[in-house]
Amino acid sequence: MAPRAGLRGWRWSSAWRAARDGSRERRSMGRAAILLTPRTSHTVTDLHAHLRTRLLDAIAGLGLDRAAAEPLVRLEPPKNRDHGDVALPAFQLAKLAGKAPPAFANELAARVTADDVVESATATGPFINFRFRRAALARAVLEAIQSGAAPYGKAAANGQVVCIDFSSPNIAKPFHIGHMRSTTIGNALCRIHRHTGATVHGINHLGDWGMPFAKMMTAYMRWGNEQELHASPMRYMFELYKRYGREVKENPGLDAEAAKHFQALESGADNVERRMWQLLRDESLKAFQGPYARLGVTFDHITGESFFEDKMAGAMQRVTASGVLEQSEGAAVVWLKELGIKEPCILQKSDGTTLYHTRDLAAAFYREVTFHPTRILYVVGAEQKLHFDQLKGVLTKMKEPVAKAVEHVPFGLVLSKTDDGKWEKFASRSGNAVFLDEILDEAVAKVRGVIREKNPDLADADQIAEQVGVSAIVFNDLKNSRIKDVKFDWESMLQFEGETGPYVQYACARLSSILRKAECPVPAASAIDHGVLADAERVLLTMMDFGTAVQKAAEQSEPSHVTGHTIALAGEIHSYLRDHYVVGQEPKIRDARLVLVDAARRLLVTGLALLGITAPERM
RNA sequence: GCGCCCGUAGCUCAGUGGGAUAGAGCGACGGUCUCCGAAGCCGUAGGUCAGAGGUUCAACUCCUCUCGGGCGCGCCA
């Protein structure tokens, strides 16, 4: 419904006042994540599945109940790699058997004899450590990666339908640093869920309704000029926004004026407010395509708050019919005390107009009938936890089935450093607001400099600098648990060494370079001598963790699990390459390593793609 | 005041459906490009996991309390 064509080339104003009512577009937190997969094991590879079966057979052989033991067989990575490839703490199984853990571990280990896949099962105290045959490990992992089999490639449809409400900026304002987190996290979650086989609906719930927009309209109607608006829409609207903020201090009546305009807009009549709204919305929406294009973000649906204008009456009727709506001080509210929420959820103001909650309620109903979602993720900042608790609470009190799908995915604030070295919420009082384009431009410029220095003959250097620079910013945003506040400082943001996007991209470029220099095609993974890859066990075991990382990321709405895996894999392959050359080796070794290098590159590219990042062939 | 989140190495963070000696990166110090990309790799130093109780065979991980930091709390979003 919205124009997707990009408007490139304009820059954000250098200062931005994050006034209280201006910085609160949606983005926030949630209740406990709904875990949609049975938490029985981490069996994401054939090797693990095989081992599980062997273990359960052995357990049954010891006279234990197979079904009772099944959930207790929790294979986990050993604390120390020297112990083995996977470990099984035998405490609970020993309890089931009524034996001392070390003795039981011994008995069980003895029954898991070596086969084509399992090399050994060794009891170490109460733990059993397993080791796979190196050739089997290499074969299983490399063939799966090369053929694009799940979890390395996209999984078959899993029946889940996931709505992801993300980015959702208030489009009456410039796209600034504060908008980035919901955008990058939501984008990554869309890609991750698709990879795991879900049907995903990425939704941009634009803030194009309500008081912020009404204030912008008020400013424009008082001071606006259409020529200036068209010349530089976002910058001009930002100026209006700032002016409104200044003048409302002198003239508090402005807010009442804005409220009147909103009332007129919501009346549905074809009036000046409606035409004004349409104009401002169109202009700002166009301007937002620039940042989205740079970040590689797309949406399946751009249904902002205004989209629900004609659906709110129906939603209110539904609430009324359910009998949970009450009048309080002239407003229509739902009390949620029995759900442990003290603050009532206000659905209609005393002047009859609607609120954020009303529109989210209408949106929930709409999404339910339109998409039949198993989960609806709201990627919105943690400061809006109460809002989503209330939304879910109202739906729960109404006994609406969709209530259980509603899931807030909160994330931390973006903090900036004050003059005295403390961290505080981004606010431009001290002129510290930073706009996304400025950050991306800085990063790209720095990358360009690094390229000039390290790879001066690189073709398409500008394009690659854009690719690498933007990735550094996105990767940085997805590196830590989303609930952590992001400490924004230029130094670490523009750091390309260590655990960074460019580090992972560099690994990809290095691997690509080796594949080019090999001057022979990558053999089929099934055709190589897997035994010679015994020296690559750390790389292979890390590769094997990919599925677990993606699964956890999907279940917990936590892209950082994927980010972490790409860093780990890049590190392992870098280390491996130090002592293991590919080019110039005898064919048997060269071929096996070519498959390994190619698989590592593929998996890194896949991991980055899940984060919304591309990897250049050279950099 | 009430509710929620966070507190692990100098800094930024992993690890928190309890499990074997708490891991990275940055910074510091020391190595490493006549050999596939040094945006790399290897090593050294650095931790009473905020504190105190409790549950458990086992607690950084679960429960309670305290301290420190942050966010939120009726017609904004």
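Proteins come first, then strands; the chains are lettered A, B, ... in the order of their sequence lines, and each starts at number 1.
On the P atoms, B:rC4 is 13 Å away from B:rU66, given to the nearest whole Å. Going from the C1' atom of B:rC65 to that of B:rC29 covers 43 Å, rounded to whole Å. Rounded to the nearest Å, the gap between the C1' atom of B:rG54 and that of B:rG70 is 28 Å. Across B:rC41 and B:rA20, the matching C1' atoms stand 30 Å from one another, rounded to whole Å. Comparing B:rG18 with B:rU55, their C1' atoms are spaced 11 Å from each other, to the whole Å. A gap of 15 Å separates the P atoms of B:rG19 and B:rC63, to the nearest Å. Only the P atoms considered, B:rC11 is 25 Å distant from B:rG43, to the nearest whole Å. The C1' atoms of B:rU64 and B:rC57 are separated by 23 Å, rounded to the nearest whole Å.
Atom CD of A:E499 and atom P of B:rG40 are 11 Å apart (whole Å). Here the P atom of nucleotide B:rG72 and the CD1 atom of A:I346 are 17 Å apart, to the nearest Å. Rounded to whole Å, atom P of B:rG37 lies 14 Å from atom CG of A:D457. Rounding to whole angstrom units, CE of residue A:M211 and P of B:rG74 are separated by 17 Å. A:I567 has its CD1 atom 11 Å from the P atom of B:rC26, to the nearest Å. Taking atom CG of residue A:D389 and atom P of nucleotide B:rC2, one finds them 19 Å apart after rounding to whole Å. For A:I341 and B:rC4, the CD1 to P distance is 12 Å, given to the nearest whole Å. One interatomic measurement links the two molecules: CZ of A:F411 to C1' of B:rC4, which rounds to 16 Å at whole-angstrom precision.
With sequence neighbours excluded, no residue satisfies salt bridge (charged side-chain N to carboxylate O under 4.0 Å, His left out) with A:K517. Residues satisfying the salt bridge (charged side-chain N to carboxylate O under 4.0 Å, His left out) criterion with A:E343, sequence neighbours excluded, are absent altogether. Applying the salt bridge (charged side-chain N to carboxylate O under 4.0 Å, His left out) rule to A:R452 yields no partners; only residues at least two apart in sequence or on another chain are considered. A:D535 meets the salt bridge (charged side-chain N to carboxylate O under 4.0 Å, His left out) test with A:R593; sequence neighbours excluded. Every side chain to side chain contact (heavy atoms under 4.5 Å, CB included) that A:P616 has, sequence neighbours left out, goes to A:I464, A:Q467, A:V468, A:Q505, A:M619.
By the rule that a glycosidic angle within 90° of 0 means syn, B:rC33 counts as syn. Base orientation at B:rG31 is anti, since its O4'-C1' glycosidic dihedral falls outside 90° of 0.
Closest contact between the side chain of A:N480 and the listed nucleotides B:rC13, B:rA38, B:rG74 involves B:rC13. You'll find that the side chain of A:R359 is closest to B:rA77, out of B:rA77, B:rG37, B:rG15. You'll find that the side chain of A:I483 is closest to B:rC5, out of B:rA14, B:rG37, B:rC5. For A:F496, the side-chain atoms get nearest to B:rA39 when compared with the rest of B:rA39, B:rA14, B:rG74.
Taking a 4.0 Å limit (strictly below) on heavy-atom distances, residues 584-596 of chain A does not reach RNA chain B anywhere.
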I'd like a table of donor-acceptor pairs (distance under 3.5 Å, sequence neighbours excluded) in which one partner is a side-chain atom from residues 579-588 of chain A, with atom names and distances.
| from | atom 1 | to | atom 2 | distance (Å) |
| --- | --- | --- | --- | --- |
| A:H580 | ND1 | A:Y576 | O | 2.7 |
| A:K588 | NZ | A:D529 | OD2 | 3.4 |

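When side chains are defined from C-beta on, A:V539 does not count as touching A:L533, because their heavy atoms never get closer than 4.5 Å.
Stem regions for RNA chain B, each three or more consecutive Watson-Crick or G-U pairs with both distances under 3.5 Å and listed by first number, read B:1-7 with B:67-73, B:10-13 with B:23-26, B:28-32 with B:40-44, B:50-54 with B:62-66.
Every pair passing side-chain hydrogen bond (donor to acceptor under 3.5 Å, both in side chains) that includes a residue from residues 558-568 of chain A is listed here, sequence neighbours excluded: A:Q556-A:H561, A:E558-A:S560. Residue pairs meeting the ring-ring contact (aromatic ring centres under 6.0 Å, His included) criterion with at least one member in residues 450-488 of chain A, sequence neighbours excluded: A:F426-A:F488, A:F488-A:W490.
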Nucleotide N/O of nucleotides 19-23 of chain B paired with protein N/O under 3.5 Å:
| from | atom 1 | to | atom 2 | distance (Å) |
| --- | --- | --- | --- | --- |
| B:rA20 | OP2 | A:K79 | NZ | 3.0 |
| B:rA20 | N6 | A:N129 | OD1 | 2.9 |
| B:rA20 | N1 | A:N129 | OD1 | 3.2 |
| B:rA20 | N1 | A:N129 | ND2 | 3.1 |
| B:rU21 | O4 | A:N80 | ND2 | 2.8 |
| B:rU21 | O4 | A:H83 | NE2 | 3.4 |

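For the pair A:H387 (side chain) and A:H357 (backbone), a donor-acceptor distance under 3.5 Å is absent.
Using cut-offs of 30° and 60° on the angle between ring planes, the pair A:H574 and A:Y503 is tilted.
Within the 4.0 angstrom heavy-atom criterion, base atoms lie near A:H580. A:E617 comes within contact range of at least one nucleobase, with a heavy-atom separation under 4.0 Å. At the heavy-atom level, A:G125 lies nowhere under 4.0 Å from the strands shown.
For the 3.5 Å distance criterion, the side chains of A:R359 and A:H205 fail to qualify, holding no donor opposite an acceptor. With hydrogens and angles left out, the side-chain atoms of A:T500 and A:Q495 include no donor and acceptor closer than 3.5 Å. Checked by atom type, the side-chain pair A:T548/A:D545 shows no donor-acceptor distance below 3.5 Å.
In this model, the phosphate group of B:rG40 is not approached by any side-chain N or O of A:S575 to a distance below 4.0 Å at OP1 or OP2. For the pair A:Y503 and B:rC41, the criterion of a side-chain N or O lying under 4.0 Å from OP1 or OP2 is met. Note on A:K487: a side-chain N or O is less than 4.0 Å away from OP1 or OP2 of B:rC13. The side chain of A:Y356 places no N or O atom within less than 4.0 Å of a non-bridging phosphate oxygen (OP1 or OP2) of B:rA77.
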Exercise. Spell out protein contact along nucleotides 27-32 of chain B as letters: B when the base is contacted, S when just the sugar-phosphate is, - when no protein heavy atom is under 4.0 Å; keep the 5' to 3' order.
Key: ------
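Between A:W335 and A:R516, it is A:R516 whose nearest contact on RNA chain B lies nearer the 5' terminus. RNA chain B is contacted by both A:A509 and A:D485; A:D485 maps to the nucleotide lying nearer its 5′ end (nearest heavy atom per residue).
Listed here is the closest heavy atom pair of A:A443 and A:G469: CB-O, 3.5 Å.
By the criterion of a centre-to-centre distance under 5.5 Å and near-parallel planes under 30°, the ring of A:Y581 forms a stack with the base of B:rC36.
Between A:R181 atom CZ and A:L413 atom CG the span is 9.0 Å, to the nearest 0.5 Å.
Around the CZ atom of A:R618, the shell of radius 6.0 Å holds no more than 12 heavy atoms that belong to other residues, nucleotides or ligands.
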